[in-house]
Amino acid sequence: MALVLVVEDQDENLDLMVYLLTAFGHETLVARDGAEGVAVAAQARPDLVVMDLQMPVMDGYEAAARLKADPGLAEIPLVAVTAYAMVGDQEQILRRGFDGYLTKPIDPEVFVSELERHLASRTPDRSQPPGQEE
């Protein structure tokens, strides 16, 4: 089980991502804009952050820059989930600090498998007491 922060301002997308992550055994936190996402990440230190790009208050690019600039948060995998799907968008998103990229509308199978790929390399098993990870 991993702790995943979902940063998304659209209810339908937020609900779907939380539902899918929960169905696959992960714990979720939510934030409605980039500024709130940065604050929640700083407090909770999630195993993964899933973030929209177009949000009020602070967009995903600025939030990514702030997360990656913080030495305590920089190693947390950051995956963009966005409607940007034009040629070159993925490269730009990855250059701007994201570790992964998924397009909307969300394909449930691709969404979960891609996020779990990012989690596999760094996530402790939170269901075990500290020091008891397998």
Side-chain angles (χ1 to χ4, degrees):
M1 174 174 74
L3 179 60
V4 180
L5 170 58
V6 180
V7 186
E8 169 65 62
D9 63 319
Q10 298 295 315
D11 289 338
E12 300 82 16
N13 293 326
L14 179 65
D15 292 346
L16 177 58
M17 288 187 270
V18 167
Y19 171 79
L20 291 169
L21 288 162
T22 303
F24 280 82
H26 301 295
E27 185 178 343
T28 59
L29 299 169
V30 299
R32 297 293 190 149
D33 61 61
E36 183 183 4
V38 171
V40 171
Q43 180 182 20
R45 308 273 184 199
D47 299 307
L48 176 74
V49 177
V50 180
M51 186 177 301
D52 186 21
L53 295 179
Q54 294 181 307
M55 295 180 290
V57 183
M58 179 188 298
D59 70 17
Y61 290 123
E62 178 64 24
R66 292 186 186 200
L67 291 171
K68 294 301 182 177
D70 183 326
L73 303 174
E75 296 300 317
I76 298 172
L78 181 57
V79 178
V81 180
T82 181
Y84 293 141
M86 301 297 291
V87 173
D89 284 341
Q90 180 175 3
E91 292 77 17
Q92 178 182 347
I93 290 165
L94 296 176
R95 269 196 318 271
R96 304 260 318 255
F98 287 87
D99 301 297
Y101 164 87
L102 293 166
T103 59
K104 293 177 185 174
I106 296 166
D107 177 331
E109 290 179 21
V110 172
F111 178 77
V112 173
S113 65
E114 179 68 10
L115 297 184
E116 289 186 341
R117 183 179 69 79
H118 285 284
L119 287 166
S121 63
R122 73 175 307 273
T123 304
D125 182 351
R126 291 181 184 257
S127 65
Q128 298 290 324
Q132 300 294 315
E133 291 89 6
E134 295 178 12

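A quick note: this is a predicted structure, and the numbers were derived from the prediction, not measured.
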Determine which pairs satisfy salt bridge (Lys or Arg N to Asp or Glu O under 4.0 Å) with at least one residue from residues 59-68, sequence neighbours left out, and list them in order.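 Passing the test, one end in residues 59-68: E62-R66, K68-D99.
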Which atom names give the shortest non-hydrogen contact between [X] and [Y], and what distance separates them?
| X | Y | result |
| --- | --- | --- |
| L94 | G100 | CD2-N, 3.8 Å |
| L78 | A64 | CD2-CB, 3.4 Å |
| A80 | L53 | CB-CD2, 4.2 Å |
| A44 | L29 | CB-CD1, 3.4 Å |
| M58 | A35 | CB-N, 3.5 Å |
| G60 | F98 | O-CZ, 3.5 Å |

State plainly whether one hydrophobic cluster holds both V81 and Y19, where clusters connect Ile, Leu, Val, Met, Phe, Trp and Tyr through side-chain heavy atoms under 4.5 angstrom apart. yes
When rounded to the nearest 0.5 angstrom, what distance separates [atom1] in [X] from [atom2] in [Y]?
| X | Y | atom1 | atom2 | answer |
| --- | --- | --- | --- | --- |
| Q54 | Y61 | CD | OH | 8.5 Å |
| L5 | E27 | CG | CD | 11.5 Å |
| D47 | E75 | CG | CD | 13.5 Å |
| F111 | I106 | CZ | CD1 | 5.5 Å |
| H26 | L115 | NE2 | CG | 8.0 Å |

Would you find a donor on one side and an acceptor on the other, under 3.5 Å apart, between the side chain of R117 and the backbone of V112? no
Are any non-hydrogen side-chain atoms of [X] and [Y] less than 4.5 angstrom apart?
| X | Y | value |
| --- | --- | --- |
| I76 | P46 | yes |
| L102 | V110 | yes |
| L20 | P108 | yes |
| M51 | T82 | no |
| L48 | V79 | yes |

Applying side chain to side chain contact (heavy atoms under 4.5 Å, CB included), can you list everything that pairs with T22, at least two apart in sequence or on another chain? V18, T28
Check: residues 6-17 side-chain donor-acceptor pairs under 3.5 Å, at least two apart:
unit_1	atom_1	unit_2	atom_2	d
E8	OE1	K104	NZ	2.8
E8	OE2	Q10	N	2.9
D11	OD1	R32	NH1	2.5
D11	OD1	R32	NH2	3.2

